[in-house]
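Comments concern the structure below.
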Amino acid sequence: MKIDWAALGSVFGVSLVATVALVGLFTLGVVGLTKQESAATSGGSAVLARTGAYACFGLCAAAVAYGIYLIVT
């Protein structure tokens with residue numbers, strides 16, 4: 001049995017980058033919701049913060065759905 005170390009390393013690298021990106025995107029969504037609460041009290045742009053947070057969560061959901069699609073098909 002021969003292991004293709006280059007392919008294994010490639011899969012590891014792509015998985016690591018995708019995981020960090022997805023966690024970062026979710027974190028931006030949580031920060032956006034937090035900023036929305038503070039912007040509402042200080043008169044800032046609460047709608048923009050909420051829209052950005054929902055966009056981040058939507059992109060997270062799309063990435064998860066795409067991953068499930070890749071597994072199923």
Answer yes or no: are there more than 12 heavy-atom neighbours, outside F26 itself, under 6.0 Å from its atom CZ?
-> no
Between G32 and A49, the two heavy atoms sitting closest are O-CB, 3.6 Å
Between G29 and A53, which heavy-atom pair has the shortest distance, and what is it?
-> O-CB, 3.3 Å
Look only at the side chain of T19 and the backbone of S15, and say whether a donor-acceptor pair between them is shorter than 3.5 Å.
-> yes
L48-Y54 co-clustered via ILVMFWY side chain contacts under 4.5 Å = no
Mind checking whether L22 and I68 sit in one hydrophobic cluster, side chains of I, L, V, M, F, W, Y counted as touching below 4.5 Å?
-> yes
Side-chain hydrophobic cluster, 4.5 Å single linkage: members besides V23 = none
